There are 2 protein chains.
Amino acid sequence: MPGTTDPVCTEPRAAARTGVCGEPPTAARGGPVSHTLARVARMHRIAMGRRLRELGLYPGQELMMMRLWDCGPVRQSELIQSLGLDPSTVTKMLQRLEQCGHVRRRPDPADRRAVLVEVTDEGLALRAGVEGAWQGLEELSLGGLAPADRAELARLLGLVADNLYEEAGEEGDCPPLPKSC
Amino acid sequence: MPGTTDPVCTEPRAAARTGVCGEPPTAARGGPVSHTLARVARMHRIAMGRRLRELGLYPGQELMMMRLWDCGPVRQSELIQSLGLDPSTVTKMLQRLEQCGHVRRRPDPADRRAVLVEVTDEGLALRAGVEGAWQGLEELSLGGLAPADRAELARLLGLVADNLYEEAGEEGDCPPLPKSC
DNA sequence: ACAGAATATGTGGTCGGCCAACTAATGGGG
DNA sequence: CCCCATTAGTTGGCCGACCACATATTCTGT
């Protein structure tokens with residue numbers, strides 16, 4: 001342990017080499033659930049990303065497409081609202097989705113500022129694949145969990161979502177549901 | 001509902017304007033838990049990002065710092081292993097953390113390919129803030145949950161993590177724990 | 001009718017994160 | 001002893017996502 005103030009580490013280096021070091025960082029002890037949540041979400045995202053890539057989508061785009069599958073031609077601003085994303089994020093993502101032919105954009109005749117977005121036939125064709133991937137991943141994630149456990153997990157996650165919603169404000173879903181769609 | 005094959009949408013646009021459109025995309029019904037999980041994780045990340053910004057960190061960097069706080073000087077490859085990140089991600093993140101003075105890098109005398117990374121005093125000074133933010137967010141997230149519920153949530157998330165671990169392979173934490181730290 | 005607020009998008013830049021391709025050093029066999 | 005597979009890092013490129021800032025249009029109050 002040379003030089004500067006050695007970190008608080010319990011294993012200066014000897015034990016570390018043996019592979020004893022605790023898995024969750026000690027600094028994360030104050031938030032074990034948060035840590036597991038982040039870990040699970042990340043693995044979930046990776047797993048979903050793998051499935052999506054085979055479909056020709058990048059992670060994140062599937063939520064956009066889901067929204068577009070639900071609504072007909074939508075204003076970009078409504079997508080921003082319902083997805084809770086930054087406007088610039090949506091602009092760029094739609095530009096790419098359009099270039100890939102999954103989506104079509106045209107100016108809104110009723111409001112020359114706005115842009116109407118709608119799915120193309122090619123984009124609609126992705127739906128089955130995405131839904132299948134989504135369901136498959138759900139089943140993989142919850143494998144071995146009894147229905148009661150699944151319900152309990154959904155309930156608890158919902159509570160956490162409500163707690164975070166107030167601070168993370170945003171949108172992402174229902175609560176405010178400001179306008180259309 | 002003009003022109004091209006109209007999406008399956010239940011509300012072509014009239015009802016949409018009234019704000020009736022379902023919150024979770026219908027395509028996500030096959031994976032309600034996955035959807036909530038992604039939503040919660042995203043809000044959690046945003047909330048954590050806000051706290052981290054005040055400390056001068058970007059989301060994602062806190063996990064790196066936590067790892068560095070635990071171990072003394074570590075090889076970059078070990079960070080890659082324990083965080084489960086892509087090597088290039090780690091390289092770039094460390095370059096930025098070094099430029100900010102939170103981290104120091106020097107060649108490993110024992111292996112001229114490797115690089116040893118360690119936290120600086122300035123980086124160590126962030127620890128209290130990060131841990132505080134982490135704990136605060138944990139408390140915010142779990143607010144109103146009885147201890148039993150918290151334990152149950154942790155348990156269920158752990159099960160999901162195990163399920164996903166097999167596919168998402170990766171690392172991220174303990175199971176393999178290949179080498180030191 | 002018009003100035004100023006509010007709305008709807010787009011730009012440029014930065015970061016985390018991944019992949020692919022590349023360099024440099026180590027370590028085994030033959 | 002030398003060739004080659006392996007390992008450690010780096011670079012470049014691309015995408016999601018954010019912010020700050022800039023633009024065009026619509027809306028509102030006076």
Side-chain angles (χ1 to χ4, degrees), chain A residues 38 41-50 52-53 56-65 74-81 83-100 102 105-117 168-172 178-180, chain B residues 38 41-43 45-50 52-53 56-65 74-81 83-100 102 105-117 168-172 178-179:
Chain A
R42 184 160 166 277
M43 290 191 295
H44 189 276
R45 188 179 183 79
I46 290 174
M48 190 61 192
R50 251 196 273 277
L52 286 174
R53 187 145 14 109
L57 288 179
Y58 287 86
Q61 297 182 338
E62 84 276 22
L63 295 176
M64 174 74 77
M65 294 305 292
V74 214
R75 264 195 262 215
Q76 212 165 294
S77 60
E78 295 171 8
L79 293 172
I80 292 168
Q81 279 285 329
L83 293 173
L85 294 174
D86 188 89
S88 62
T89 300
V90 171
T91 293
K92 290 167 188 167
M93 194 188 296
L94 285 176
Q95 287 173 345
R96 284 160 187 150
L97 285 173
E98 184 174 36
Q99 198 165 12
C100 291
H102 298 136
R105 295 181 345 147
R106 73 181 129 92
D108 184 343
D111 186 338
R112 291 193 305 186
R113 298 170 294 180
V115 172
L116 288 180
V117 186
E170 295 285 347
E171 172 41 33
K179 299 193 176 181
S180 42
Chain B
R42 185 162 165 275
M43 291 191 296
R45 188 178 183 78
I46 289 174
M48 190 62 191
R50 252 196 273 276
L52 286 174
R53 187 145 12 114
L57 288 179
Y58 287 87
Q61 296 182 337
E62 85 276 22
L63 295 175
M64 174 75 76
M65 294 305 292
V74 214
R75 268 206 267 274
Q76 212 165 295
S77 60
E78 294 171 8
L79 292 172
I80 292 168
Q81 279 285 329
L83 292 173
L85 293 174
D86 188 271
S88 63
T89 299
V90 171
T91 293
K92 291 167 189 168
M93 195 187 297
L94 286 176
Q95 286 174 344
R96 286 162 187 148
L97 286 173
E98 184 176 35
Q99 196 164 12
C100 292
H102 298 136
R105 297 180 347 148
R106 74 183 128 92
D108 184 342
D111 186 339
R112 291 194 303 185
R113 297 171 295 180
V115 172
L116 289 179
V117 186
E170 295 286 346
E171 170 44 31
K179 298 192 175 181

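Within every chain, numbering begins at 1; the chains are lettered A, B, ... in the order of the sequence lines, protein sequences first and strands thereafter. Below, each value reflects all heavy atoms present in this structure, side chains not excepted, and no hydrogens, waters or symmetry copies. Not measured: the values here are computed from a predicted model.
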Query raised in the report: Could you state the CG-P distance from Leu52(A) to dC15(D), rounded to the nearest angstrom?
Result: 15 Å

Query raised in the report: Between Arg105(B) and dT10(D), does any side-chain N or O lie under 4.0 Å from OP1 or OP2?
Result: yes

Query raised in the report: Rounded to the nearest 0.5 Å, how far does CD of Gln99(B) lie from CD of Gln95(B)?
Result: 9.0 Å

Requested in this report: Applying side chain to side chain contact (heavy atoms under 4.5 Å, CB included), run through Leu94(B) and Leu79(B) and close with a yes or a no.
Outcome: CA-CA 10 Å; Leu94(B) 286 176; Leu79(B) 292 172; 4.2 Å; yes

Query raised in the report: Considering only heavy atoms from C-beta outward, does the side chain of Ile46(A) approach that of Pro59(A) to under 4.5 Å?
Result: no

Query raised in the report: If you check the Arg53(B) side chain, which of dC19(D), dG9(D), dC18(C) turns out closest?
Result: dC19(D)

Report summary line: Note: Arg105(A) and Thr91(A) closest approach over all heavy atoms is NH1-O, 4.3 Å

Query raised in the report: Once you build an axis from the first five pairs and another from the last five of the helix from dA1(C)-dT30(D) to dG30(C)-dC1(D), how far apart in angle are they, to 10 degrees?
Result: 0°

Query raised in the report: Does Gln61(B) put a side-chain nitrogen or oxygen below 4.0 Å from OP1 or OP2 of dG16(C)?
Result: yes

Query raised in the report: Is a side-chain donor or acceptor of Arg75(B) paired with a backbone partner of Asp108(B) at a separation under 3.5 angstrom?
Result: no

Query raised in the report: Less than 4.5 Å apart, any side-chain heavy atom of Pro109(A) and any of Leu116(A)?
Result: yes

Query raised in the report: For the pair made of CG in Asp86(A) and C1' in dC15(D), what is the distance, rounded to whole Å?
Result: 15 Å

Query raised in the report: Quick one: Gln76(A) CD to dG10(C) C1', roughly how many Å, whole number?
Result: 9 Å

Query - Arg112(A) (side chain) and dT25(D) (base): donor-acceptor pair under 3.5 Å - result: no

Report task. Among dC18(C), dC18(D), dG16(D), find the nucleotide with the atom closest to the side chain of Arg42(A). Result -> dC18(C)

Query raised in the report: Which sits closer to the 5' end of DNA chain D, Ala110(A) or Tyr58(A), going by the nucleotide each is nearest to?
Result: Tyr58(A)

**Report entry** Check against side chain to side chain contact (heavy atoms under 4.5 Å, CB included), Glu78(A) and Val117(A)
**Finding:** CA-CA 10 Å; Glu78(A) 295 171 8; Val117(A) 186; over 6 Å; no

Query - Atom-pair distance (CZ on Arg50(A); C1' on dG17(C)), nearest Å - result: 14 Å

Query - Full working for side chain to side chain contact (heavy atoms under 4.5 Å, CB included) between Leu52(A) and Gln61(A) - result: CA-CA 9 Å; Leu52(A) 286 174; Gln61(A) 297 182 338; over 6 Å; no

Query raised in the report: Contacts to DNA chain C from residues 88-98 of chain B, heavy-atom cutoff under 4.0 Å, which residues?
Result: Ser88(B), Thr89(B), Lys92(B), Met93(B), Arg96(B)

Requested in this report: Would you mind reading off the distance between Arg106(B) atom CZ and dG9(D) atom P, rounded to a whole angstrom?
Outcome: 13 Å

Query raised in the report: To the nearest Å, how far apart are Leu79(A) CG and dA17(D) C1'?
Result: 16 Å

Report task. Would you kindly give the CD-to-P distance between Glu78(A) and dT7(C), to the nearest whole Å? Result -> 14 Å

Report task. Please state how far atom CG in Asp108(B) lies from atom C1' in dA8(D), giving the value in whole angstrom units. Result -> 11 Å

**Report entry** Donor/acceptor link under 3.5 angstrom from Arg113(A) side chain onto base of dT7(C)
**Finding:** yes

Query raised in the report: Side chain of Asp111(A): nearest nucleotide among dC15(D), dA8(C), dG9(D)?
Result: dA8(C)

Report summary line: Output for pair (His102(A) NE2, Met65(A) CE), nearest 0.5 Å, gives 6.5 Å

Report summary line: Taken in chain and number order and not counting sequence neighbours, the residues that satisfy side-chain contact (heavy atoms from CB on, under 4.5 Å) with Thr89(B) are Leu85(B), Asp86(B), Met93(B)

